[in-house]
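One structure follows; several queries about it will come next.
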Amino acid sequence: MAKNKPLKLTDISREVEDRLADIDIEELIPLPPPYDKNGGLPGITQLSDDQKQRLVNNLDGFSALALPKPKNKEEEDKYVRQFEAGLKKLLRKGDNWTFLQPLLLSLEHCVRCQTCSEACPVYIASGRQEIYRPTYRAEIFRRLINKYAKPGGKWLAKLKGADIELNWATISRLFELAYRCNLCRRCSQHCPIGVDNGLITRELRKLFSQELGWAPKELHEKGTVLQLQVGSPTGLRPNVAKDNLEFLDEDFTESLGIKVETVWDKKDADVLLLHSAGDILSFPESVIGFAIICDAAGISWTLSSEIPGYEGVNYGVFYDDVQLARVATRHVQIARKLGVKKIVMGECGHEHKALATVADRLLIGDLNIPRESFMTFFENIVFSGKIKFDPTKNDFPVTLHDPCNVVRNLGIVEPQRRILRYLCPQFREMTPHGVDNYCCGGGGGLAVMSDVNINDFKAAVAGRMKFKQILEAFSDHPGPEVKKYLCAPCLNCKLQLRVIWDYYGVQEKSGIYFGGLAELIVNAMADLKKPFINWGEM
Amino acid sequence: MTGFFWHFFIYIILFLFLVIMAYRILSILRMPVHLRWELAPVLHDKERYRYGGSYLEEYEWWGKERHKSYLPVIAYMAGEILLMKGVWKNNRSLWPFSFTLHYGIYLVIISVILHFINAMFIVSGTPAAVMDVFRGIAAVIGIVGYIIGSIGAVGLMFKRYLDRNYRAYSSFSAYFKLIFLAAIFISGIIAWVSSVNYATEMSVFTRDLFTLDSGITATGALAAHIIITSVFVLYLPFTDMVHFITKFFTYHSVRWDDEPQDEKMVKKLRDLIAQPLTWSGPHVKSDRGNSWGDMVQKENGKE
């Protein structure tokens, strides 16, 4: 057990079975009451004997990836050789033109000033566990690149005193460690030099995926691969998606007393709405809310039932350039086929990041169809005068979570705030907020990863800073007697919040409910006779 | 040491420094267009930079004119270069040493420039009263730079060694760099103290250097200081200390690069997309000789 012992960078390659750290819930940063007494909380699930026997478990007692132990030394060596080959490919223009310049700039100019550390919510919330420090994995990766992928690297590594051995222990630990980061890039934002540890982590993930074929199954096999094959990582096929929404249309038509109708595959519509299919299954009010708003504003809109045109997620942005390109390309090809004027990206942060910016330079020629955030789309509708609003319908405490991929990464900060300030009389900000926000703890794909005991990491560690600031934002009404609304306009953030809510029992103890932005807009519509936000069913 | 040794020694080092720095900068400039990876706040966004907003906040942004302003960019960079604002805000305990080290370097560079001006004054026969003023300023700036630079370099060395947040990340080369810097500053102090008139000696040395005067002379502590500083100039381009230049690229070419694709860029992108993929992951299917273009366009994203 390495708990509380100073950790060296070279520890990453030490004896395989030895964990680098054990996370003690008592060492995590304290939460406000009633969550300040850890005794009443679930704690951290330990791996079973069987899991310990089968799975690699040499990092921190969590397993996000359920990586099986290799059968023999030959298998270990094969992976090590593949990893070394991948290090070299990351530095080649042909193989890695997509991120070569940002990667090299970040690898070669870090001065190890550690300014980034205090920006990282995972590192801080963990009680400053060394393995979660943004520079821990980045510096190891940098030294491996310098030693194994550059000419004279082995000799120079010894000379500089920066020698880390590449072995099975190193790569198996790095694989897990790459998924202890939310890729929120708060650390990058704080770096005075402009070094991006979030990017370095993503490049590490990319190496594992593109060279070794290693990626979390929720992101790859059951993620991008399933999305391209059947339409959605949820497994939702086009006909089932249509059936589900038909049912939801009827259900909401009945409960609200207005006609709700989802439009499918309408040629030459102005707008292709690209939701996340997870919203259809888990947060249908969001999808229905969009339909109600668009119809009320007289928008010509449609959904697509073509694979994967009803599923806006793009997990490639978390781990793999090839899968990122495939999914993004399919999305715009579908829009082009429908003849729409623009794609409106739904309440999904990484969909925004993928389609609005990261894939922008992949979608060239006739693939370059205009793409817009729902934030600006909604703002335009709300302030157009086409819909009458009665803000008193939203007269309950509301705060806003800023999804990193929309706010810090794209700079879309104010449209959603202008809507909330107009429609929600008790709107209040979290501290910090906007581009300085904390990640929900589900960023970087963690929100959809649930293997072994990683949910405990997400709830107890990664999401801790966010949970703390949510509670503080509602500190004037801490109990469950006043119902409060956390606006989290991103599917992955909501999935992560659900993990936190289940872990801590937030709804029962604090009366905080979460949902998207569309729900608040619809709830404030003056012509709607019944409330759209149904606290009892959230 | 006297004579042409100094000319060879210093000019060759300056030449090598410029060549290596140019090579490093050109290597960065010649790297391919990369995918967008901007990070708010993007400071050239004229109105919105204050809160981190971008042009993507505009409804149908692609039809709107973009409003850029470089004043906030210049103000930000000035704050970083002159005050180390980022470190002050986010890493206060490091700031005193970082600030003094950087200011030590700035002041030494300024004093070198003043020595050069004084050398020009000597050549042009400027009245002694004017030269005295400049020499006095150069002498004061030089010694202040040496002293605070020493404090910064030694302080950072101790911080790296004593603070557990830094120790594990500090390789031999990290200490070596600081020792080298400390050597420049401390040798500068010794040269300054041991000289009867340090600024005059330096000005004369500089004049002889630029006029290729064979009588050029520097001995003892001054010679040691000049040699240490010159060797450091040669060492500098091989280290992460080139961030004084490359920081421009980490900000302008990555963090603030929010340019949507344009015609010129698309031409480059087409060439990049035509390159073959050699990654070995089974899903990449590089064994089929796929290029990025094949993968993105022809496969239609279907597995």
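Everything numeric here is computed off the predicted structure, so don't read it as measured data. Sequence lines set the chain letters: A, B, ... in the order given, protein chains first and strands last, and positions in each chain run from 1.
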Counting heavy-atom pairs under 4.5 Å to chain B, which of A/Leu100, A/Leu212, A/Leu199, A/Leu9 comes out on top? A/Leu199
Can you tell which part of B/Arg167 gets under 4.5 Å to a heavy atom of chain A, answering side chain, backbone, both or neither? neither
Would you call the rings of B/Phe176 and B/Phe180 parallel, tilted or perpendicular, where under 30° means parallel and over 60° means perpendicular? perpendicular
When the aromatic ring centroids of B/Tyr49 and B/His44 are compared, is their separation below 6.0 Å? no
Starting from the C-alpha separation in whole Å, work towards a yes-or-no answer on side chain to side chain donor-acceptor pair (under 3.5 Å) for A/His109 and B/Thr246. CA-CA 8 Å; A/His109 301 105; B/Thr246 52; 3.2 Å; yes
Counting heavy-atom pairs under 4.5 Å to chain A, which of B/Arg48, B/Glu259, B/Glu60, B/Arg164 comes out on top? B/Glu60
Is the ring centre of A/His352 less than 6.0 Å from the ring centre of A/Phe374? yes
If you tally heavy-atom pairs under 4.5 Å against chain A, which of B/Gln261, B/Met265, B/Lys85, B/His243 wins? B/Gln261
Less than 4.5 Å to any heavy atom of chain B: does that hold for the side chain of A/Gln189, its backbone, both, or neither? both
B/Trp62 versus chain A, heavy atoms under 4.5 Å apart: side chain, backbone, both or neither? side chain
Using non-hydrogen atoms and a 4.5 Å limit, figure out which bit of B/Glu38 sits close to chain A: side chain, backbone, both or neither. both
Do the two ring centres, one from B/Trp256 and one from B/Tyr76, sit under 6.0 Å apart? yes
For B/Glu57, is it the side chain, the backbone, both, or neither that has a heavy atom closer than 4.5 Å to a heavy atom of chain A? both
Are B/Trp88 and B/Phe99 near enough that their ring centres are under 6.0 Å apart? no
Most heavy-atom pairs under 4.5 angstrom with chain A, which of B/Asp257, B/Thr239, B/Leu277, B/Asp258? B/Asp257
Is it the side chain or the backbone of B/Asp45 that comes within 4.5 Å of chain A heavy atoms, both, or neither? neither
Check each atom of A/Asp321 against the heavy atoms of chain B and say whether the ones under 4.5 Å are side chain, backbone, both or neither. both
Do you know which of A/Arg371, A/Gln416, A/Lys8 has the most heavy-atom pairs under 4.5 Å to chain B? A/Arg371
Nearest heavy-atom pair of A/Val435 and B/Pro41: which atoms, and what distance? CG2-CD, 4.5 Å
Portion of A/Ser373 that has a non-hydrogen atom of chain B nearer than 4.5 angstrom: neither
Kindly say whether the aromatic ring centers of B/Tyr103 and B/Tyr106 come within a distance under 6.0 Å. yes
Any idea which of B/Pro276, B/Pro32, B/Ser170, B/Ser27 has the most non-hydrogen atom pairs under 4.5 angstrom with chain A? B/Pro32
Measure distances from A/Arg202 to the heavy atoms of chain B and classify the residue's part below 4.5 Å as side chain, backbone, both or neither. side chain
Interatomic distance, A/Gln82 atom CD to A/Lys89 atom NZ [nearest 0.5 angstrom]: 9.0 Å
With a 6.0 Å cut-off on ring centres, are B/Phe97 and B/Phe158 close enough? no
Separation between CD (A/Glu203) and CG (A/Leu104), nearest 0.5 Å, reads 9.5 Å
If you tally heavy-atom pairs under 4.5 Å between each of B/Phe172, B/Tyr59, B/Tyr55 and chain A, the highest tally belongs to B/Tyr59
What part of B/Arg24 is in contact with chain A, defined as an atom under 4.5 angstrom from a non-hydrogen atom: side chain, backbone, both or neither? side chain
Mind ranking B/Leu156, B/Leu94, B/Ile28 by heavy-atom pairs under 4.5 Å with chain A and telling me who comes out on top? B/Ile28
Is A/Asp95 paired with A/Lys88 through a side-chain N to carboxylate O contact shorter than 4.0 Å? no
For A/Glu139, which atoms come within 4.5 Å of any heavy atom of chain B: side chain, backbone, both, or neither? side chain
Give a yes/no verdict on a cation-pi contact between B/Lys285 and B/Trp279, requiring under 6.0 Å between NZ or CZ and the six-membered ring centre and an angle within 45° of the axis. no
So, the part of B/Tyr251 with a heavy atom under 4.5 Å from chain A: the answer is side chain
Could you tell me which of A/Pro102, A/Ala85, A/Gly213, A/Pro415 has the largest number of non-hydrogen atom pairs under 4.5 Å with chain B? A/Pro102
